[in-house]
Amino acid sequence: VVSHFAAKEYDPVVGNTILLDTIATWSDLYGAAVLTPEMAWSKAKFDSYLNNLVARKVRLARLFPQSHNFSLSEWCSRNMLEALAERHLPVVLWHTQVTWGAVYWLCATYPELPVIIEAGARKIFYHDRDYYHLLAELPNLFLGLHGLVNGCGIEDIVGRYGSSRLIFGSNLPVWNPNSAIAMLSLARISQADKERIAYGNLDDLVAGVRLP
Amino acid sequence: MIVDAHAHLGVVPQFYFPDASAQGTLALMDHLGIDRLLQSHSAWLLSMECELGYNESVAAYEESQGRILSFAVFHPGYPEESLRWVERSLDHAAFVGVGEIHPSWHGCPAEDKAYEPIWKLAAERDVPILTHSWDISDYNPTQKLSFPDRFANYAERYPGVSLILGHAGGRYRGHLAAIRLAQYCPNVYVDLSGDIFSPNLIETLVREIGASRILYGSDWAFIDPRCQLGCVLRSAISTEAREQILGGNARQLFKL
């Protein structure tokens, strides 16, 4: 599942358009579109936009509240979040883009919305005291794997919360994917747990995406 | 033989560690086929708890039957006390070098005269110095104190002391600076520890400075040793270069 850099660094609409064209020609690629609140000022237009994205192989939504200067709060993002929740379209957020309080609010307010927190290019494990408690409380919270690079972090999370809360990702091409691959393949967990993390959990989330 | 040349036992208070004990470390070493691990104890390095760090380092050496070896930490802010502990440590078989010098954490730039005594001692005792090295950071202003260029003066004045730039300069500009310094000073090495996962980093380092001056390291227990192990094992380099990086160079450098 890929995003286009231009969607974060230039213009989400332009980046998403390039993304759709790119994934259309590669059967193994799916899309993660970048969204911003103004896209949902008109519910009808946003519904149409989202339906088009999903129809053209987009399976995740990425939000960058800090980089794109918006609040996840209801007064700013309600229309967008409601539409995503309605479709069960998983939302991916970098931990550097939101507070853990906002993550709690998002997951608790929209329990049908899968929320995947990943590291971007900054280590996430400095915040493990926060996300351990959130994993315990919020069944719709997931963690992306590539930033969970602390010693035995994967084994510890699987031991406490099971393997269903981790989603494999590599951060390619910013990071060498062999790091995440080795973390998972050499983890001291069962083969079934490895397969859930490698693809099973994401398969389940993607299969849950629906059009209203 | 696989040698993890940059690791830590012990914890820091800022976050939770699943397991940073000597027992847990040994179990993971066995699982991954790591024969030796070289560590700077976190209590000593980051909290200046010299006695605790020394005692736990020695205990780990004994418990592991010599598989867990240690660096003796020098803190430039407490030069006399710190130097006493380093001298005492280097008399013990558990200790194979000085480090991790940490200009960023200790708030003292790498070129500062406060480091002169430890370079002198390392030369006298013929032991390598391991240091933290990093790029200039947008969000961590002290990282600039460990930029590779800053080590040039000491590295040049002490050609007999092997200096290992931990994390190979940390990020992009730091990697380039580490390469420049290693090309200029034949006594400068780099290690691969930390979250330095740029694609083709290992291939670039091998091409620019040669495999003989690159050491596998993890930054355990902060960073899982599997991360960089995977990068080394799957890198596009020769089998000979891979063996040098994974352990051959460390065996030679630390006389293991």
Side-chain angles (χ1 to χ4, degrees), chain A residues 66-67 94-97 100 118-136 144-161 166 168-189 194 197-198, chain B residues 4 7-21 23-25 27-34 37 39 42 135 137-140 170-172 192-204 218-236:
Chain A
Q66 186 185 68
S67 297
W94 290 358
H95 75 96
T96 50
Q97 296 276 327
W100 293 102
E118 62 176 28
R122 296 260 297 271
K123 292 182 280 289
I124 194 171
F125 65 79
Y126 291 166
H127 304 272
D128 56 6
R129 289 184 175 125
D130 285 316
Y131 62 68
Y132 270 60
H133 286 279
L134 293 178
L135 285 170
L145 193 80
H146 82 263
L148 288 173
V149 294
N150 58 318
C152 297
I154 293 174
E155 283 112 333
D156 200 59
I157 287 176
V158 170
R160 291 172 190 279
Y161 308 110
L166 299 178
F168 178 79
S170 65
N171 201 24
L172 183 74
V174 180
W175 280 14
N176 185 333
N178 290 313
S179 166
I181 291 169
M183 273 201 297
L184 181 58
S185 59
L186 297 174
R188 289 171 292 182
I189 58 177
K194 289 180 185 178
I197 296 168
Chain B
D4 182 341
H8 306 275
L9 299 180
V11 303
V12 298
Q14 285 85 358
F15 52 94
Y16 157 74
F17 281 75
D19 189 353
S21 68
Q23 299 92 318
T25 302
L28 187 60
M29 289 167 64
D30 289 339
H31 174 65
L32 298 175
I34 295 173
L37 178 138
Q39 68 92 28
S42 291
D135 196 354
S137 166
D138 294 337
Y139 54 91
N140 186 346
R171 293 284 181 267
Y172 181 68
L192 301 173
S193 65
D195 61 333
I196 55 165
F197 305 131
S198 302
N200 299 317
L201 172 64
I202 295 168
E203 291 87 342
T204 302
S218 65
D219 218 7
W220 165 266
F222 294 86
I223 307 287
D224 198 289
R226 285 164 276 220
C227 301
Q228 206 53 256
L229 198 55
C231 295
V232 176
L233 291 173
R234 299 291 292 273
S235 60

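Letters go in sequence order (proteins before strands), and every chain restarts at 1.
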Inset, instruction - Show your reasoning for whether side chain to side chain contact (heavy atoms under 4.5 Å, CB included) applies to B:Phe197 and A:Asn171. - result: CA-CA 10 Å; B:Phe197 305 131; A:Asn171 201 24; over 6 Å; no

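- Both the backbone and the side chain of A:Phe125 come within contact range of chain B, each with at least one heavy atom under 4.5 Å from a heavy atom of that chain.
- Scanning all heavy atoms of the two residues, the minimum distance from A:Ser179 to B:Cys231 falls at N-SG, 3.8 Å.
- Using a 4.5 Å cut-off between heavy atoms, A:Val174 touches chain B through its backbone atoms (N, CA, C, O) alone.
- Closest approach of A:Ala182 to B:Arg226, counting heavy atoms only: CB-O, 3.2 Å.
- Proximity to chain B involves both the backbone and the side chain of A:Asn176, based on heavy atoms less than 4.5 angstrom apart.
- Listed here is the closest heavy atom pair of B:Pro199 and A:Pro173: CG-O, 3.1 Å.
- Taken from CG in B:Asp195 to CG in A:Asn150, the straight-line distance is 11.5 Å, to the nearest 0.5 Å.
- Within 6.0 Å of NE2 on A:His133 lie no more than 12 heavy atoms contributed by other residues, nucleotides or ligands.
- Scanning both residues, A:Arg160 and B:Tyr16, for their nearest heavy atoms gives NH2-OH, 2.8 Å.
- B:Asn200 meets the side-chain contact (heavy atoms from CB on, under 4.5 Å) test with B:Glu203, B:Thr204; sequence neighbours excluded.
- Here the CG atom belonging to B:Leu28 is positioned 4.5 Å from the CZ atom belonging to A:Arg188, to the nearest 0.5 angstrom.
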Inset, instruction - Evaluate the side chain to side chain contact (heavy atoms under 4.5 Å, CB included) criterion for residues B:Leu32 and A:Leu186: first the C-alpha distance (whole Å), next the side-chain angles of each, then the deciding distance (0.1 Å), finally the verdict. - result: CA-CA 8 Å; B:Leu32 298 175; A:Leu186 297 174; 4.1 Å; yes

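- With chain B as the partner, the residue from A:Ile154, A:Asp130, A:Asp156 showing the most heavy-atom pairs under 4.5 Å is A:Asp156.
- For the pair A:Lys123 and B:Phe222, the minimum side-chain heavy-atom distance is 4.5 Å or more.
- Note that CG of B:Asp224 and CD of A:Glu155 are 6.5 Å apart. Values are rounded to the nearest 0.5 Å.
- Nearest heavy-atom pair, A:Asn178 versus B:Gly230, reported as atom, atom and distance to 0.1 Å: CB-O, 3.6 Å.
- Taking the side chain as every heavy atom from C-beta outward, B:Trp220 and A:Cys152 approach each other to under 4.5 Å.
- Within the 4.5 angstrom heavy-atom criterion, no atom of B:Ala7 approaches chain A.
- Taking the six-membered ring where the residue is Trp, B:Phe15 and A:Tyr126 present tilted rings, their angle falling between 30° and 60°.
- Of the atoms belonging to B:Gln228, not a single heavy atom falls under 4.5 Å from chain A.
- Your options are B:Ile223, B:Leu229, B:Asp219, and the one with the most heavy-atom pairs under 4.5 Å with chain A is B:Ile223.
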